[in-house]
Peer 1: 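Please see the structure below; I have some questions.
Naming: A, B, ... by sequence-line order, numbering from 1 per chain.
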Amino acid sequence: MTARTGAPDRFGAFGGRYVPETLIPALDELERAYESARGDPAFRTELESLLNKYVGRPSPLSSAPRFSERVGAVVWLKREDLNHTGAHKINNVLGQALLARRMGKRRIIAETGAGQHGVATATVCARFGMQCVVYMGEEDMRRQALNVYRMRLMGAQVIPVTSGTRTLKDATSEAIRDWVASVNDSHYIIGSVVGPAPYPRLVRDFQAVIGHEAREQMLSETGRLPSTIVACVGGGSNAMGIFHAFVPDAEVELVGVEAAGEGLETEHHAASLSRGRPGVLHGSLSYLLQDSHGQVHPAHSISAGLDYPGVGPEHAHLKDTGRARYVAISDRDAVAGFELLARLEGIIPALETAHAVAWIDSQRGRWKAEAQVLLCVSGRGDKDVAHVSAASGADV
Amino acid sequence: MLDRRFADLHAAGRRALVVYVTAGHPTLDRSLELLRGLDDAGADVIEVGVPFSDPMADGAVIQASSQRALEQGMTLDRTLDLVARARVRAPVVLFSYLNPLLSSRHTLLDRAAESGVHGVLVTDLPVGADPELEAWLGGGPLAFVRLVAPTTPRERMAEIARHGRGFVYLISRLGVTGERADVAADLPATVSALRDATSLPICVGFGISRPDQAAAVGRLADGVVVGSAVVRAADRDIDAALSLVRAMRTSLDQLP
């Protein structure tokens, strides 16, 4: 599609920097700060220490005996739900907050869908004494009221976004609008492997700790690599985080699970890779839900964290090269997955993760008994309990 | 056409009044009425905004106008039809986000030129971001107008100017489009740096909503862009929008 295939800001043809001119110098500055931080042992030591002592890393690799028995393969769970703040999001936020401090920026902007990235950002800003502004769609604030309270408790300002679909897409646009106005003293901590370069690579690198740990843990527990790795994909940061260390291991199958919402045959889903086509949104070229006129089509998912019409450009590249495959799970099956992992393993997964649980469950009998399936439990499901119970008619 | 317009203005010692309108706002018919009125109200260049679902560089007024136009079925094709039907005398610059343009990439530029469009400006395609797309947009019949921001370093200004045609659009301040109470304090320094980098006409936009602001900016630059204020006035009625354009014209023409 473009001549920039192979350029440093690209994953194949995807990625790039499709932003207003005002932001170009800030992206250059971020890129330089990141390159210098990567080579700085003091930066790496500080980040590692915070990940260990503040977040609680490494996160455990748990066996899942009852789910394994049902599936007919050995299922392993990478427990990002046990991180401080209850999801993988904080891995990226800590890294970026340290970069912001390096650049002398004391005001942090973030967007949030389910609220997990917003909570992680509010948390880290409290820890570092930084000012924190979180943009959140009005619809998501309603779905995730508890997370709004958490962010405010930690001193963040949560600004409702009332434009467009009032969800993650519009919160992201609003965060970018803030950044265009405040770029000299603010850093935008984008929450997923999306946005203009260098964000997709930078966020992936901060999330890659998930896969690096999991690879070591699998080898020391079992002496083997997993046959299949499964992760949910909205923007795709937990999936890129766990995939990255395994991309060179050609024998390891990588599966990303998108939200099929009310069904891929309907217009109400969030499956950008399965049903979108390449387009530009929020600064990068990737698969995008859009109509024939190039207008972005609103996404739908029961899970606020997957409710996004775009997807990280590296996933687009992994899809086109065939290195990863992407499937989709409906709202209804995701709720079943949510209940299944709770009942069988005593782990309530985030509704986002529940999509990946449900896909594994849908593949029962597909694997040989000795096959190992690694599931990224991207977050815990406490935030979703009220929403799911209301959807299933239970009274809480 | 753009070049000639700016040369004529320069020869007459006048500043260009560049007016932005959102295609299909407030309705298709009234959008046509507004466009047709702009020549006589004193617009020298008309920017026709292609509505986009996710206008991340725009403030509340242009966001709302885009949403309203989209709800009434406005598309890029219909935007071109609108321009063709309006038959304005002023050169028309298509003002768009990248994604709607990509969907009709193969035929867009020729069709736009046939419809009476003279230039194209893309909010989210900065210089160097995608040489292939930039070569496409700059290699056809339209003048590819490029943007400079207050954050743009001096050496990049020269690079942007080298790639630009028609005029250089200088963003007057940080932030999205929309009306502001004052003119940015560092604007004189930015305009003067840009003058050193290019011989193209410089038009300044973002935040200019009143005749006195237009005059203040007109003292520095070759042209002044007014957008949100006109769109907001058009929300109420077309005559109010045209009166504002006339007031801007009068104010600019009083400059020495």
Peer 1: Would B:Tyr97 and A:Tyr18 count as a close aromatic pair, with their ring centres under 6.0 Å?
Peer 2: no
Peer 1: Given A:His187, which of A:Gln96, A:Arg102, A:Arg107 fulfils the side chain to side chain donor-acceptor pair (under 3.5 Å) condition?
Peer 2: A:Gln96
Peer 1: Any donor-acceptor pair under 3.5 Å linking the side-chain atoms of A:Tyr308 with those of A:His282?
Peer 2: yes
Peer 1: If you count heavy-atom pairs under 4.5 Å between each of B:Asp124, B:Leu76, B:Asp58 and chain A, which one has the most?
Peer 2: B:Asp124
Peer 1: Show the numbers, then the answer: is there a side-chain contact (heavy atoms from CB on, under 4.5 Å) between B:Arg146 and B:Tyr169?
Peer 2: CA-CA 6 Å; B:Arg146 310 310 291 264; B:Tyr169 188 126; over 6 Å; no
Peer 1: Taking the six-membered ring for Trp, are B:Phe144 and B:His163 closer than 6.0 Å centroid to centroid?
Peer 2: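 Aromatic pair excluded; centres sit 6.0 Å or further apart.
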Peer 1: If I measure from the heavy atoms of chain A, does B:Leu125 come under 4.5 Å with its side chain, its backbone, both, or neither?
Peer 2: both
Peer 1: Indicate whether the side chain of B:Ser172 and that of B:Arg180 have a donor and an acceptor atom separated by less than 3.5 Å.
Peer 2: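 Note: B:Ser172 and B:Arg180 side chains miss the donor-acceptor criterion.
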Peer 1: Between B:Pro126, B:Pro153, B:Pro150, B:Ser104, which has the largest tally of heavy atom pairs under 4.5 Å with chain A?
Peer 2: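 Ranked by contacts with chain A, first place is B:Pro126.
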Peer 1: Does the pair B:Val120 and B:Val93 meet the rule for a side-chain contact (heavy atoms from CB on, under 4.5 Å), with working shown?
Peer 2: CA-CA 5 Å; B:Val120 60; B:Val93 175; 5.6 Å; no
Peer 1: Is A:Asp170 close to chain B through its backbone or its side chain, or both, or neither, when contacts mean heavy atoms under 4.5 Å?
Peer 2: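 When you check distances to chain B, only side chain atoms of A:Asp170 fall under 4.5 Å.
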Peer 1: Would you say A:Gln116 and A:Thr112 are linked by a side-chain donor-acceptor pair, where the criterion is simply a distance under 3.5 Å?
Peer 2: no
Peer 1: Taking side chain as everything from C-beta outward and backbone as N, CA, C, O, which of these in A:Pro25 sits under 4.5 Å from a heavy atom of chain B? Side chain, backbone, both or neither.
Peer 2: side chain
Peer 1: Could you have a look at B:Val122, B:Thr152, B:Val148, B:Val127 and say which one has the most heavy-atom pairs with chain A under 4.5 angstrom?
Peer 2: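 It is B:Thr152.
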Peer 1: Can you tell me which of A:Gly16, A:Gly283, A:Ser182, A:Ala181 forms the most heavy-atom pairs within a distance under 4.5 Å of chain B?
Peer 2: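 With the most close heavy-atom pairs to chain B, the winner is A:Ala181.
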Peer 1: Any donor-acceptor pair under 3.5 Å linking the side-chain atoms of A:Glu138 with those of A:Thr162?
Peer 2: no
Peer 1: Is B:Arg156 in contact with chain A via its backbone, its side chain, both, or neither, using a 4.5 Å heavy-atom distance?
Peer 2: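 Contact with chain A involves the side chain of B:Arg156 alone.
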Peer 1: For B:Pro51, is it the side chain, the backbone, both, or neither that has a heavy atom closer than 4.5 Å to a heavy atom of chain A?
Peer 2: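 For B:Pro51, the contact with chain A is made by the backbone alone.
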Peer 1: Between B:Asp77, B:Leu174, B:Asn99, who has the most heavy-atom pairs with chain A when the cutoff is under 4.5 Å?
Peer 2: B:Asn99
Peer 1: Please classify the contact of B:Leu101 with chain A as side chain, backbone, both or neither, using a heavy-atom distance under 4.5 Å.
Peer 2: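 Neither; nothing under 4.5 Å.
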Peer 1: Between chain B and each of A:Ile176, A:Ile24, A:Asn184, A:Asp178, count heavy-atom pairs under 4.5 Å; write down the option with the most.
Peer 2: A:Ile24
Peer 1: Is A:Thr165 in contact with chain B via its backbone, its side chain, both, or neither, using a 4.5 Å heavy-atom distance?
Peer 2: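 Neither; nothing under 4.5 Å.
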